[in-house]
Amino acid sequence: DSGVTQTPKHLITATGQRVTLRCSPRSGDLSVYWYQQSLDQGLQFLIQYYNGEERAKGNILERFSAQQFPDLHSELNLSSLELGDSALYFCASSPRRGGWYNEQFFGPGTRLTVL
Amino acid sequence: QKEVEQDPGPLSVPEGAIVSLNCTYSNSAFQYFMWYRQYSRKGPELLMYTYSSGNKEDGRFTAQVDKSSKYISLFIRDSQPSDSATYLCAIHNPGIQGAQKLVFGQGTRLTINP
């Protein structure tokens, strides 16, 4: 158990809908990351937040947005869902800001199915 | 060209065999190289990370980086059925300090047969 929690575990919804995925980082971790894992694209970085501020951005669609709250939990919002958005969504957190590399601890993921 | 290339396998070997998993990468600026293990329906967990070139050993696992050929490897000695998982190489794309973008390979699915 990494200490990162994600809810819900599974989500089934229809095209065009909007969903919110939630992540609680490990105690004391200030950075939160979101990744998408699909069979064809593999595990892809979406976005990083550090202490409430956006820090780095990857291949995140405009239909997707994220935020990190003062209590450091984070939410990933996916809107106007398409079939291709079906994937595993992982949240990760890391323990400190300093330096070029900080180990990332991954949560168990949310499996999103868009029908 | 993808930033990181990894043969997705699948790879199936008998218990006790030495396993070699490999990735290539394109950007010579990369400095940190990682191997993650992902069991079915679980999140990735960090096995090892290496800075720059050279070898790093942890028990039955050895990570190797050859920056001259942009090649990273993971060796598993005395493989066990519990090692059956998907192994993902990852590279830290430095960008600005504090930005921690990881670029992952496609993952190699490994099965160790008893």
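Bear in mind that the values here come from a model prediction, so they are computed numbers and not experimental data. When reading the values below, keep in mind they use all heavy atoms of this one structure, side chains included, and skip hydrogens, waters and symmetry mates. To find a chain, count down the sequence lines: A is the first, B the second, and so on, and within it residues start at 1.
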May I ask you to test the [X]-[Y] pair for a side-chain heavy-atom distance under 4.5 Å?
X	Y	result
Tyr35(A)	Leu102(B)	yes
Arg111(A)	Arg41(B)	yes
Phe90(A)	Gln38(B)	yes
Gln41(A)	Phe104(B)	no

Pairwise distance CZ(Phe105(A)) to CD(Glu45(B)) - rounded to 0.5 angstrom: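 These two atoms lie 11.0 Å from each other.
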
Qualifying residues under salt bridge (charged side-chain N to carboxylate O under 4.0 Å, His left out), relative to Arg77(B), sequence neighbours excluded: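 Here the qualifying residues are Glu57(B).
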
task: Could you tell me which residues satisfy salt bridge (charged side-chain N to carboxylate O under 4.0 Å, His left out) with Glu5(B), sequence neighbours excluded, listed by chain and number?
output: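 Here no residue qualifies.
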
- request: State, to 0.1 Å, how close Gln104(A) and Tyr36(B) come at their nearest heavy-atom pair, and which atoms those are.
  value: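 Nearest heavy atoms, Gln104(A) then Tyr36(B): O-OH, 3.4 Å.
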
message: Would a single hydrophobic cluster contain both Tyr33(A) and Val4(A), if residues Ile, Leu, Val, Met, Phe, Trp and Tyr are joined by side-chain heavy-atom contacts under 4.5 Å?
response: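 Per the 4.5 Å side-chain linkage, Val4(A) and Tyr33(A) are not co-clustered.
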
field: Tyr49(A) reachable from Leu72(A) in the ILVMFWY side-chain graph, under 4.5 Å edges
entry: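 No, Leu72(A) and Tyr49(A) fall in different hydrophobic clusters.
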
query: So, the side chain of Gln44(A) versus the backbone of Val103(B): is there a donor-acceptor pair under 3.5 Å, distance only?
result: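 No: the side chain of Gln44(A) does not pair with the backbone of Val103(B).
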
message: Between Glu103(A) and Tyr32(B), does the side-chain contact (heavy atoms from CB on, under 4.5 Å) criterion hold? Intermediate values first, please.
response: CA-CA 11 Å; Glu103(A) 179 179 348; Tyr32(B) 290 91; over 6 Å; no

Contacting region of Ile47(A) [heavy-atom separation from chain B under 4.5 Å]: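 Nothing of Ile47(A), per the 4.5 Å heavy-atom cut-off to chain B.
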
- request: Below 4.5 Å from any heavy atom of chain B, which atoms of Asp40(A) appear? Answer side chain, backbone, both or neither.
  value: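 When you check distances to chain B, only backbone atoms of Asp40(A) fall under 4.5 Å.
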
Above 12 or not: heavy atoms from other molecules or residues under 6.0 Å from [atom1] of [X]?
X	atom1	answer
Arg26(A)	CZ	yes
Lys67(B)	NZ	yes
Leu115(A)	CG	yes

